[in-house]
Amino acid sequence: MSGSVIVVTSGKGGVGKTTATASIGAALATMGPSVALIDADIGLRNLDLVLGLEGRIFHNLVDVVDGVVDAHKALIRHKDIKNLSLLPAAQSRDKTAVTPEKMRAVADELKSTFDFVIIDCPAGIEQGFKNAVAGAEKAIVVTTPEMSAVRDADRIIGMLEHEGIAEPWLIINRIRFDMVKKHDMLDVNDVLEHLKIELLGVIPDDEAIIVATNKGVPVVMDEKSKAGRAFRDVAARIMGEDVPMAAAAEEEDWFTRIIRWFARARG
Ligand code: ADP
Ligand code: MG
């Protein structure tokens with residue numbers, strides 16, 4: 001058996017890579033496949049917090065590449081999602097310990113037993129990026145609907161190609177349909193015109209993500225969250241299901257609908 005290795009990347013920081021890695025990983029694992037997440041953001045680890053696993057870390061990625069411990073032994077299993085495991089990043093150790101060759105070896109080792117290995121990439125285009133993408137066969141590029149993020153995503157798409165990862169998937173995160181309607185935000189088509197890669201999902205801006213992150217419970221476990229639903233749809237698409245795009249995200253909730261009705265009624 002050999003699983004697929006997917007890197008989640010963006011160029012710009014703060015656009016939702018870690019959120020996407022945790023959410024997609026949790027959604028896939030809930031659907032059945034086994035999933036190992038690797039936090040490659042050395043020095044700025046976050047994935048453990050988003051997954052509520054920060055209190056259970058004994059070993060990390062740098063220990064594994066240093067040969068202190070085997071990759072499988074360093075994994076932390078999720079408390080509630082039994083098919084989900086995490087290889088945390090080192091918090092303070094020297095990042096030069098990791099090289100593309102060593103990352104590839106870690107990814108190869110994990111993919112021998114997991115259906116999916118998903119790597120959370122650091123921001124930027126430096127060594128951390130090159131390490132994170134080294135063992136990956138497929139990439140998910142995350143952007144927000146802002147020109148600065150789109151431009152960085154474009155740069156990253158070029159760099160991925162250079163690293164031999166063609167045809168990455170795109171996730172547009174934190175979209176606000178109220179702002180798009182008022183032409184105050186780029187819409188999905190504007191972003192696609194710039195990036196011209198396959199759209200994997202559109203994730204609404206959703207407070208439930210902040211609540212979920214603070215609780216350390218992946219947002220996909222929240223049945224009511226629109227972002228959670230959108231990430232579950234992304235996971236289903238990765239599994240090859242034909243899920244219509246953005247249907248859930250574009251639906252207005254009842255509150256927005258009532259506000260709009262009043263606004264119209266008042267002329
Ligand atoms: P990155 O890993 O790219 O730096 P994060 O995943 O850490 O980005 O997200 C940055 C911040 O944005 C976090 O506080 C996260 O909770 C928030 N965030 C991400 N996606 C969304 C969303 N769809 N709606 C609301 N907040 C979000
Ligand atoms: Mg991050």
Side-chain angles (χ1 to χ4, degrees), residues 6-27 37-54 60-61 86-91 95 118-126 128-129 131-133 139-146 148-153 155-156 168-180 185-188 191 199-222 224-235 246 248-251 253 256:
I6 304 172
V7 63
V8 179
T9 182
S10 70
K12 190 175 157 87
V15 296
K17 291 178 294 298
T18 300
T19 305
T21 305
S23 306
I24 297 168
L37 305 180
I38 304 179
D39 189 345
D41 200 351
I42 292 161
L44 291 171
R45 79 171 175 221
N46 260 323
L47 200 47
D48 54 320
L49 268 177
V50 177
L51 293 164
L53 297 174
E54 70 279 9
N60 59 56
L61 177 60
L86 169 71
L87 178 53
Q91 185 66 297
K95 1 177 150 179
I118 308 180
I119 303 168
D120 184 15
C121 185
I125 53 175
E126 315 301 331
F129 167 81
N131 291 338
V133 304
I140 295 175
V141 174
V142 182
T143 187
T144 52
E146 293 161 289
S148 59
V150 171
R151 191 201 279 158
D152 289 0
R155 179 96 196 273
I156 282 295
W169 284 315
L170 180 67
I171 286 185
I172 304 174
N173 187 29
R174 304 200 76 160
I175 202 149
R176 285 185 50 185
F177 292 98
D178 56 337
M179 289 182 71
V180 170
M185 183 178 265
L186 298 179
D187 72 10
V188 171
V191 177
L199 184 63
L200 183 65
V202 178
I203 315 296
D205 192 77
D206 186 351
E207 280 178 13
I209 292 208
I210 297 162
V211 176
T213 303
N214 286 337
K215 281 198 208 148
V217 177
V219 72
V220 292
M221 309 309 277
D222 178 350
K224 292 200 204 90
S225 153
K226 288 186 173 186
R229 158 92 190 267
F231 276 123
R232 288 196 299 275
D233 286 353
V234 163
E250 249 167 318
E251 264 167 36
D253 58 52
T256 314

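These numbers were taken from a predicted model, which means no experiment stands behind them. Start at 1 and go down the list; that is how both ligands and their atoms are numbered.
When heavy-atom distances to ligand 1 are checked against a 4.0 Å cut-off, Ala20 has no atom that comes that close, whether in backbone or side chain. Contact annotation: for Thr18 versus ligand 1, heavy atoms closer than 4.0 Å belong to both the backbone and the side chain. With a 4.0 Å cut-off on non-hydrogen atoms, Asn173 touches ligand 1 through its side chain and not its backbone.
At a threshold of 4.0 Å, the pair Asp41-Arg45 does not count as salt-bridged, since none of the basic side-chain nitrogens sits closer than that to a carboxylate oxygen. Note on Lys224 versus Asp222: no salt bridge recorded, every NZ/NE/NH1/NH2 to OD/OE distance being 4.0 Å or above.
The N/O atoms of Lys12, backbone and side chain alike, include none that comes under 3.5 Å of an N/O atom in ligand 1. Residue Gly16 has at least one nitrogen or oxygen atom sitting less than 3.5 Å from a nitrogen or oxygen atom of ligand 1, judged on distance alone. Among the atoms of Ser10, none of the N or O lies under 3.5 angstrom from an N or O of ligand 1. Geometrically, ligand 1 and Glu207 share no nitrogen or oxygen pair separated by less than 3.5 Å. Taking any N or O of Pro204, backbone or side chain, at least one lies under 3.5 Å from an N or O belonging to ligand 1. Ligand 1 has no N or O atom lying under 3.5 Å from any N or O atom of Ile203, backbone or side chain. In terms of N/O distances under 3.5 Å, ligand 1 is approached by Val15. Residue Asp120 has no N or O atom closer than 3.5 Å to an N or O atom of ligand 1. The N/O atoms of Arg174, backbone and side chain alike, include one that comes under 3.5 Å of an N/O atom in ligand 1.
Near Thr213, meaning under 4.0 Å from one of its heavy atoms, ligand 1 places the atoms 16 (O). Set against the non-hydrogen atoms of Lys17, the atoms of ligand 1 under 4.0 Å away are 1 (P), 2 (O), 3 (O), 4 (O), 6 (O), 8 (O).
Each of Leu61, Asn60, Asn131 was checked for a side-chain contact (heavy atoms from CB on, under 4.5 Å) with Ile42, and the lone residue meeting it is Leu61. Considering Ile175, Ile172, Val234 in turn, Val234 is the only one that fulfils the side-chain contact (heavy atoms from CB on, under 4.5 Å) rule with Ile203. Of the options Thr213, Leu37, Thr21, Val219, a side-chain contact (heavy atoms from CB on, under 4.5 Å) to Val50 is made by Thr213 and by none of the others.
Residue contact check for ligand 1: Asp206 places a non-hydrogen atom closer than 4.0 Å to it. The closest approach between any non-hydrogen atom of Ala22 and ligand 1 is not below 4.0 Å.
The distance from the NZ atom of Lys226 to the CD atom of Glu207 is 12.5 Å, given to the nearest 0.5 Å.
Of all the heavy atoms in Val141 and Ala153, the pair that sits closest is CG1-CB, 3.7 Å.
Remark: the Thr18 side chain and the Asp120 side chain contain an N/O donor-acceptor pair separated by less than 3.5 Å. No hydrogens or angles considered: a donor-acceptor pair under 3.5 Å links the side chains of Asp206 and Ser225.
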*So Arg155 and Ile125, side chain to side chain contact (heavy atoms under 4.5 Å, CB included) or not? Walk me through it.*
CA-CA 9 Å; Arg155 179 96 196 273; Ile125 53 175; 3.2 Å; yes
*Would you sort out whether Leu87 and Asp39 count as a side chain to side chain contact (heavy atoms under 4.5 Å, CB included), showing the intermediate values?*
CA-CA 6 Å; Leu87 178 53; Asp39 189 345; over 6 Å; no
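Within the 4.0 angstrom cut-off, atom 1 (P) of ligand 1 has one or more protein heavy-atom neighbours.
Remark: minimum distance from atom 4 (O) of ligand 1 to any protein heavy atom is reached at Gly14 N, 2.8 Å. In this structure, the protein non-hydrogen atom closest to atom 9 (O) of ligand 1 is Thr19 OG1, 3.7 Å. Among all protein heavy atoms, the one lying closest to atom 22 (C) of ligand 1 is Ile209 CD1, 3.4 Å.
Contact annotation: the side chain of Pro218 approaches that of Leu51 to within less than 4.5 Å [non-hydrogen atoms, C-beta and beyond]. Within the 4.5 Å cutoff, side-chain heavy atoms of Ser148 are placed close to those of Lys12.
Among the backbone and side-chain atoms of Thr21, none of the N, O or S atoms lies under 2.8 Å from the Mg ion (ligand 2).
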